[in-house]
Amino acid sequence: MPTTLLAFLGACTLIAASPGPSTVLIIKQSLHSRRSGFLTVLGNETGVFIWGVVAAFGLTALLTASEVAYDVMRVVGAVVLVGFGIQALRQARRAKGADGGFPEGAPKSGRHSYRGGLLLNLANPKAAVFAMSFLPQFVPEGAPHLPAMVGLAALWAVYEVGYYGLYVWFVGRLKSVLSRAGVRRRLEQVSGGVLLLLGVRMALEG
């Protein structure tokens, strides 16, 4: 069991280290505040746990078996990504128009940050398919399948909270540099462009 857990956590580290939409959104939200970044992490990992539970009950197989259902989720996921991308680009444009500085405006609620992380994860059909193929590999032989899968999903989510929490902390440590109008605007532009391209790519995938 300890060997299996070490292998599982090692695989979780490699997964989290792979750049993707969630990483981009977490860093983007962390530019606003640590609270916003961390709540985005919690939302994303709630989605990870939900997909893990869905996979444990075998419901993810229904998604992969239905081409229509998968395509619907793919299009929804693409729309979500494009929406986040456009939002980031608009924020950067507004900043440029505000004499080079970032207008403070009303701070976004914690619920907004949490919901963004959750929505981004749940709208990604690849996350569902990946959970179905990833988690069963680490169920110990002879262990009850359902409890083991749910337990691994919970461990996966909690581990990634700690991992992505380091991203939030690191961005916070560099706040004095990242808060400069030009730097922050450029980062908003980059994150918005990446999210937009990821959304377009997801929409065009067959």
dist S113:OG -> R35:CZ (nearest 0.5 Å) comes out at 7.0 Å
OH (Y114) and OG1 (T40) are apart, to the nearest 0.5 Å, by 11.0 Å
Determine whether V194 and L89 fall in the same hydrophobic cluster, where Ile, Leu, Val, Met, Phe, Trp and Tyr are linked whenever their side-chain heavy atoms lie under 4.5 Å apart. no
All heavy atoms of M73 vs all of N124, minimum pair found to be CE-C, 4.2 Å
Report task. Group every Ile, Leu, Val, Met, Phe, Trp and Tyr by side-chain heavy-atom contacts under 4.5 Å, then state whether V82 and V24 land in the same group. Result -> no
Output for pair (L25 CG, S191 OG), nearest 0.5 Å, gives 8.5 Å
### Query
Is the shortest heavy-atom distance from the side chain of K126 to the side chain of Y70 under 4.5 Å?
yes
Determine, using the 4.5 Å side-chain heavy-atom cutoff (strictly less than), whether V75 and I86 are members of one ILVMFWY cluster.
no
Interatomic distance, CD1@I26 vs CG@L39, rounded to 0.5 Å, equals 11.5 Å
- Is L135 reachable from Y159 through a run of hydrophobic residues whose side-chain heavy atoms are each under 4.5 Å from the next? yes
Does Y167 have its ring centroid less than 6.0 Å away from the ring centroid of Y164?
yes
- Message: Would V158 and E45 count as a side chain to side chain contact (heavy atoms under 4.5 Å, CB included) here? Give the steps.
- Response: CA-CA 7 Å; V158 171; E45 298 316 313; over 6 Å; no
For G77 and M202, the nearest pair of non-hydrogen atoms, with its separation, is C-SD, 3.6 Å
Side chain to side chain contact (heavy atoms under 4.5 Å, CB included) test vs S22 passes for just one of V48, L120, V41, I27, namely L120
Can you tell me if W51 uses its side chain to pair, donor with acceptor, with the backbone of M132 under 3.5 Å? no
query: Between L155 and L9, is any pair of side-chain heavy atoms under 4.5 Å apart?
result: yes
Correct closest heavy-atom pair for K28 and A88 would be CE-CB, 3.3 Å
One should read off an interatomic distance between L166 CG and W169 CH2, to the nearest 0.5 angstrom, of 8.0 Å
Query raised in the report: Has the side chain of R74 got a donor or acceptor atom that lies under 3.5 Å from a matching backbone atom of P125?
Result: no
Verify side chain to side chain contact (heavy atoms under 4.5 Å, CB included) between I15 and F134, making sure each step is shown before the conclusion.
CA-CA 10 Å; I15 294 166; F134 173 64; 3.5 Å; yes
In terms of hydrophobic clustering (I, L, V, M, F, W, Y; side-chain heavy atoms under 4.5 Å; direct or indirect links), are V76 and L197 co-clustered? no
Do R186 and Q189 have side-chain N/O donor and acceptor atoms under 3.5 Å apart? yes
Take L146 and V150 through the side chain to side chain contact (heavy atoms under 4.5 Å, CB included) test and state the conclusion after the steps. CA-CA 6 Å; L146 180 59; V150 172; 4.1 Å; yes
Closest non-hydrogen contact found for A16 with Y163 is CB-CD2, 3.5 Å
Is the shortest side-chain heavy-atom distance between L196 and L81 below 4.5 Å?
no
Using atom types as modelled and distance alone, determine if a side-chain donor or acceptor of S36 lies under 3.5 Å from a backbone N or O of S33.
no
On a heavy-atom basis, the closest approach of G37 and S30 is CA-OG, 3.4 Å
inquiry  = I want to check something: taking the side chain as every heavy atom from C-beta on, are F8 and W156 in contact at a cut-off of under 4.5 Å?
reply    = yes
Stepwise, does the side chain to side chain contact (heavy atoms under 4.5 Å, CB included) test hold for L118 with I50? CA-CA 10 Å; L118 177 63; I50 290 173; 4.2 Å; yes
Note: P136 and A131 closest approach over all heavy atoms is CD-O, 3.8 Å
